[in-house]
Colleague: 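I have a structure I would like to understand better, so I am pasting it below and will then ask my questions one at a time.
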Amino acid sequence: MELITILNYCHRHRGFVYQHARFGPDKNSIEVDVRPREGSAAVCSGCHQPAPGYDHLPERRFEFIPLWGFLVFLLYRMRRVDCRNCGVVVEEVPWSDGKHQLTKAYMLLLARWARKLSWKETAEAFHTSWDKVCDAVEYVVGWGLEHRTLESIRAIGVDEIQYAKGHKYLTLVYQIDQGLTRLLWVGKERTIESFQGFFTVIGEQIAAQIEFVCSDMWRPYLDVIRQKCSQALHILDRFHIVAKMNKALDEVRAAESRKMAQDGHQPLLKKSRWCVLKRKGNLTSQQKFRLRDLLRYNLQTVRAYLLKEDFQHFWEYNSPTWAGMFLDFWCYQTMRSRIEPMKKIARTLRAHRSLLLNYFKAKKQFSSGVVEGLNNKAKVTMRRSYGFRTFRILELALYHSLGKLPKPELTHEFFCPV
Ligand SMILES: [Zn+2]
């Protein structure tokens with residue numbers, strides 16, 4: 001069986017023929033000549049219609065999937081056509097997008113592996129460069145974004161994620177419908193402008209059909225949601241509120257611990273961070289012992305801890321009315337606690353009372369667990385891959401692993417487990 005026979009079987013294109021396969025000059029590669037089929041007209045890359053030929057460009061090498069340790073190149077002289085609509089332009093060839101040196105089939109394979117391995121590992125496994133893996137991902141993501149459908153969106157979640165050192169943030173918008181969760185959009189920064197970019201992409205019609213929006217209490221997000229999705233039920237993310245509360249508690253503990261040390265007391269609060277932050281059920285027996293010890297003192301930390309624990313009941317309500325009464329009472333108590341970080345939380349919760357109660361109006365169906373889970377995956381994607389230093393690369397990687405984008409179809413499966 002000849003190489004040409006195999007190629008004709010797995011990578012056949014109407015209008016073109018494989019002519020001759022041979023070793024490259026260094027014997028490290030295989031070169032295959034490609035010619036237009038006799039009598040078949042070239043296709044204009046501008047309007048995708050057949051057009052009369054004009055001239056030939058110099059031979060180009062298109063890299064195909066390597067075989068048995070040899071790089072494989074398809075050699076072809078692109079024709080230029082004289083198109084009635086587009087003028088003199090280069091022809092369109094089915095195996096390449098014209099922009100990249102790699103064939104579509106090879107880019108697709110590389111990109112699929114690049115979801116399984118890191119980009120660096122993928123490049124090493126295929127004896128190619130990181131840049132070419134990046135090109136492959138760029139092609140697949142670009143195709144996917146162009147061909148994805150956004151009509152099904154009813155629920156979205158927006159969140160920010162920190163990347164690089166310093167205060168560099170991305171805004172990530174997810175679809176969080178029950179049947180489909182995916183990353184929809186990556187924006188630079190976390191400003192009003194960056195989040196508005198998402199609504200520009202989806203257009204007014206799709207924005208108008210969104211029924212639920214889940215977000216944290218970041219002011220620019222709240223403003224954009226009010227402006228662009230006024231019809232949607234806006235839900236505050238439970239996960240972020242719990243995180244804020246833990247942070248406040250930590251502040252109280254740290255400040256009090258410092259003060260106790262200054263006053264010459266025993267370092268009672270040292271190492272107690274985890275037993276204060278953890279839910280009671282998750283404590284080890286030693287931590288439980290320490291917590292009981294702590295609770296004997298009438299410390300601010302203890303009182304703050306009890307307030308935090310008490311607030312967990314909030315999420316258990318079913319009726320917005322009862323939840324609202326609980327919230328009001330909790331805030332009232334907390335405002336009298338004379339613990340400043342907790343009072344600050346109470347003020348924030350009061351200010352967002354109606355958004356908080358929307359959680360119950362939505363029948364709790366969009367608990368932030370979904371957004372939190374997607375955000376964790378985004379962090380893993382960022383961590384797994386060194387070299388995602390620019391926004392553009394990071395954006396590609398995130399779409400690639402979380403976008404659930406459609407893929408271009410090939411007639412033959414070039415074995416990839418993902
Ligand atoms: Zn044309």
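Read the numbers this way: they start at 1 and go in the same order the structure lists the ligands and their atoms.
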Colleague: Only counting residues at least two apart or in another chain, list the ones meeting ring pair (Phe, Tyr, Trp, His ring centres under 6.0 Å) with His313.
Modeller: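 Applying ring pair (Phe, Tyr, Trp, His ring centres under 6.0 Å) to His313 gives none.
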
Colleague: Check Asp135 with Lys132, please: is the shortest side-chain N to carboxylate O separation under 4.0 Å?
Modeller: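 Looking at Lys132 and Asp135, the cut-off is not met.
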
Colleague: Name all residues meeting the ring pair (Phe, Tyr, Trp, His ring centres under 6.0 Å) criterion together with Tyr332; count only those two or more places apart in sequence or in a different chain, and write none if there are none.
Modeller: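 Tyr332: no ring pair (Phe, Tyr, Trp, His ring centres under 6.0 Å) contacts found.
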
Colleague: Begin with the C-alpha distance, continue with both residues' side-chain angles, and end with the deciding distance and a verdict on salt bridge (charged side-chain N to carboxylate O under 4.0 Å, His left out) for Glu395 and Lys188.
Modeller: CA-CA 9 Å; Glu395 187 188 23; Lys188 217 173 177 173; over 6 Å; no

Colleague: Hey, which protein N/O/S atoms does the Zn ion (ligand 1) have under 2.8 Å?
Modeller: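 As for protein N, O or S atoms lying under 2.8 Å from the Zn ion (ligand 1), they are Cys44 SG, Cys47 SG, Cys83 SG, Cys86 SG.
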
Colleague: Using the salt bridge (charged side-chain N to carboxylate O under 4.0 Å, His left out) rule, collect all pairs that involve residues 316-337, keeping only residues at least two apart or in two chains.
Modeller: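 Every pair satisfying salt bridge (charged side-chain N to carboxylate O under 4.0 Å, His left out) with a residue in residues 316-337: Asp328-Arg353.
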
Colleague: Using 4.0 Å as the upper bound for N to carboxylate O, is an ion pair formed by Arg226 and Asp223?
Modeller: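 Yes, Asp223 and Arg226 are salt-bridged.
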
